[in-house]
Amino acid sequence: MSSFGAGRSSGVRLDVLAAFGGLLVALALFPLRFLASQIYILTIPLVLGLACALYLIAVYRPREATAPPLLPTTVARSLPGLSFAAMGLLVVVATVEGGRTLPFYLVAAVVASALTVQPLAASDEDFRARLTLVQVVLFAAVLRFTALATTPGFIGIDIWSHVPILADRVATQHSLSAMAGDKYYASPLYHLLVAAASFLYDVPLRAALYLSLGVAMPISVVFVYLTTGLLVRQRWAVLAASLYAIGDYTIQWGMHLIPTSMGLAFYLAVLYALVRVMRTEYGSRDFLLLVFLTVVVILTHQVSSFIMLVTLLTAIVAQVLGSLGVFDPNRPLRFTRRETVNVVGLFVFDAGFVTFMWSLTPYNGDSFLETVFSYLEETIRTSAGFLNLASGSASGSAAGPETTLIEQVALYVDTLGFLFLLFATFVGCLYVVSRDHARQSVLTLLVSAAVMLVFVMLLPMFGIRNFIPTRWFAFLYAPMAVLAAVGFRHLSRDLAKPLLAAVLLLFVAVYPGAMILSGEATVDNPVFEDDREELAYTESEITAAHTIGDMTGRPRGQEIRPDQVIFTDHPYQTVIDRIDSHPTDVAVLNESQRSEHDITVYRRAQSTEATYFLVGGNGHALNVPRERVCRPNQNVLYANGDVALCTAPS
């Protein structure tokens, strides 16, 4: 086990300077709330200011031999058994309810709080790290597989292209040439895995996906545990794994099993291998393992590859900062195996390999590399600008003239978990910039988290959304969870007992429940079904999507006229389109008027749940009656009770 140094350096403390600087930054950012109502603009200055203030309180508190608030022995020793029993109850509830419903989410939130409180508040005599880690992994599996097992078809959008189309072609033709012309032709490991698992287990592709990548995703949280265990005691490593396992985007990619999910699992392995070579007397095999894992990421997913390159670059930045004596001019980090690792060669190799592969990857009639730069150039030239905010969960508006109370509640539920994790991360960052604790490994995590936050928050505020910021959150949660665990370790030692008890109680009460109830963690069955779209479908809806293709001959886009395109809601139009059933688009509804499209598809969910239509050029979640989509004067060409295909009158 590795730990941070316990000594105190003389001179000015950088962590204290950083905390005071953070307070000033929070004050400087506060007026932005008067320019925009974006949720993070309203909340992050408060979170940053609170973290810095709490850190300074801990620093200047008179040192006393006080123990952190502990759970009573009876409670601490009962929690594991109760957690296992509650997980069994979750399976029963999901089975009886036919899916993950509100009672399921509430019980899951209680279990998640129990898992979080054990490493935070159990005494050394009562805490069992491995037992708690088993609970975390099992709970992660229950959260995900109850959704997978009770949902017909697949959960999500992109997966309808990856498994029923691309993976099926590879399995049928026994060759990667089946994906020729697709951007995943140069990153085929996901589709090869699904096809190979189908042959190995002799099961359909859907079951093969769940038995391979589906099983790997909850187990991959162990890499967060192992990474944190290289820095602090096992107690805090378990906490980091727990914080990561119940993250909303982490849960999402455990249900929406696409190449992003596989890239995320390998990224966690890369992060562990990278920190390991920085914290141990590594050998050539350890470094070769790191090289191998980076290559695997590149062959899995493009966005994951770019995030991995960002992480390697931050390791170089941390190395330079340390070697220049930024944190202590009298004790610069030297290029020794124990304290720092030179990864410049690895970064250059991976960057060159990525460039080579992307230049060979077809995308929109050009190479992937050229298309990416072309889109970025166009965005900067036409739409970039300060506070040109992105839409969606990453940058939603907290309030507005048309915002309902339920929409505001849903937005804050979606955001609260991340803000609580960000608070603990800020505390951990302040701790590791101290001269006594600054090392290349923790500085890499700090700089990596900071750079990722730029991509997921700062760039979208300037209208630059080309890097798909919502795909970054699950990757960002990994360094954040490690730093958050370090932050809680510091608070548990240096914060006054009453204040510490209040902080821990608030965190345990809010963070797990907010993450589990978040829209990203409940895409199979959202808690706020009138405000968040459901990315799962009934048997009737899936059958209808395939039947429409059988009836129309599955034409390509260039084979039909514009008036032959099918219009329906988002996200259902993505299923019809991605399984190559028929070209589709999102229906336009003007105010309270009916659709004017020739061919439309109505499904019952359009009247009962949040489904998106275009109104005034923008997407809006609406509940609409059938006659607004399938007009009375249209012919019903197909209907199965839940779905109807309507055509223009002859």
Side-chain angles (χ1 to χ4, degrees), residues 1-26 47-63 66 68 119-120 224 227-240 243-244 271 275 278-279 314 317-318 321-322 326-328 331 333 339 419-450 453 476-497 499-500 503-504 507 511:
M1 178 195 69
S2 301
S3 60
F4 294 112
R8 295 285 181 184
S9 297
S10 59
V12 179
R13 291 185 55 174
L14 293 182
D15 55 335
V16 173
L17 286 178
F20 279 113
L23 285 174
L24 293 177
V25 171
V47 172
L48 175 61
L50 181 61
C52 292
L54 205 61
Y55 186 85
L56 291 172
I57 291 172
V59 167
Y60 288 111
R61 184 181 74 88
R63 293 293 176 266
T66 58
L120 281 173
V224 178
T227 303
T228 315
L230 295 168
L231 308 173
V232 290
R233 294 170 55 197
Q234 284 186 321
R235 169 190 294 273
W236 308 110
V238 172
L239 175 63
L243 297 178
Y244 184 79
L271 194 64
V275 173
M278 294 176 180
R279 300 291 297 187
T314 60
V317 172
L321 292 176
V326 172
F327 296 92
D328 191 346
R331 188 181 61 82
L333 300 181
E339 289 197 337
L419 293 175
F420 270 74
L421 182 61
L422 187 64
F423 159 79
T425 302
F426 282 147
V427 176
C429 289
L430 292 172
Y431 183 77
V432 301
V433 298
S434 166
R435 290 190 177 103
D436 297 302
H437 311 131
R439 296 291 185 274
Q440 186 190 12
S441 52
V442 289
L443 293 179
T444 296
L445 296 172
L446 187 157
V447 180
S448 178
L453 284 170
L476 169 63
Y477 285 174
M480 286 182 68
V482 177
L483 292 169
V486 172
F488 275 116
R489 173 183 179 268
H490 166 65
L491 294 179
S492 70
R493 296 190 313 168
D494 294 340
L495 205 60
K497 186 173 181 178
L499 185 55
L500 176 62
V503 171
L504 296 186
F507 188 89
Y511 174 80

Rounded to the nearest 0.5 Å, what separates atom [atom1] in [X] from atom [atom2] in [Y]?
{"X": "L504", "Y": "L120", "atom1": "CG", "atom2": "CG", "value": "5.5 Å"}
{"X": "F426", "Y": "L50", "atom1": "CZ", "atom2": "CG", "value": "11.0 Å"}
{"X": "L271", "Y": "L445", "atom1": "CG", "atom2": "CG", "value": "5.5 Å"}
{"X": "L443", "Y": "C429", "atom1": "CG", "atom2": "SG", "value": "10.0 Å"}
{"X": "R439", "Y": "L446", "atom1": "CZ", "atom2": "CG", "value": "14.5 Å"}
{"X": "L54", "Y": "L500", "atom1": "CG", "atom2": "CG", "value": "9.0 Å"}

Item to complete: Look at the aromatic rings of Y244 and Y477 and report parallel, tilted or perpendicular, splitting at 30° and 60°.
Response: perpendicular
Is [Y] close to [X] at the side-chain level, that is, under 4.5 Å between some pair of heavy atoms?
{"X": "V232", "Y": "V486", "answer": "yes"}
{"X": "W236", "Y": "S492", "answer": "yes"}
{"X": "L231", "Y": "S441", "answer": "yes"}
{"X": "V59", "Y": "R13", "answer": "yes"}

Fill in: Least distance between heavy atoms, A318 atom then Q440 atom
CB-O, 3.8 Å
Item to complete: Give the minimum heavy-atom separation between V433 and L430, together with the two atoms involved.
Response: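 Taking every non-hydrogen atom into account, CG2-O, 3.2 Å.
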Discussion item. Taking side-chain contact (heavy atoms from CB on, under 4.5 Å) as the criterion, tell me which of T425, L419, L421 meets it with V47.
Written reply: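 Passing option: L419.
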Item to complete: Measure from the ring center of F423 to the ring center of F507 and say whether it is less than 6.0 Å.
Response: no
Worksheet item: Is there a donor-acceptor contact under 3.5 Å from the side chain of S434 to the main chain of Y431?
Response: no
Practice prompt. In sequence, state the C-alpha distance, the side-chain angles, and the governing distance for V275 and V482, and then conclude on side chain to side chain contact (heavy atoms under 4.5 Å, CB included).
Written response: CA-CA 11 Å; V275 173; V482 177; over 6 Å; no
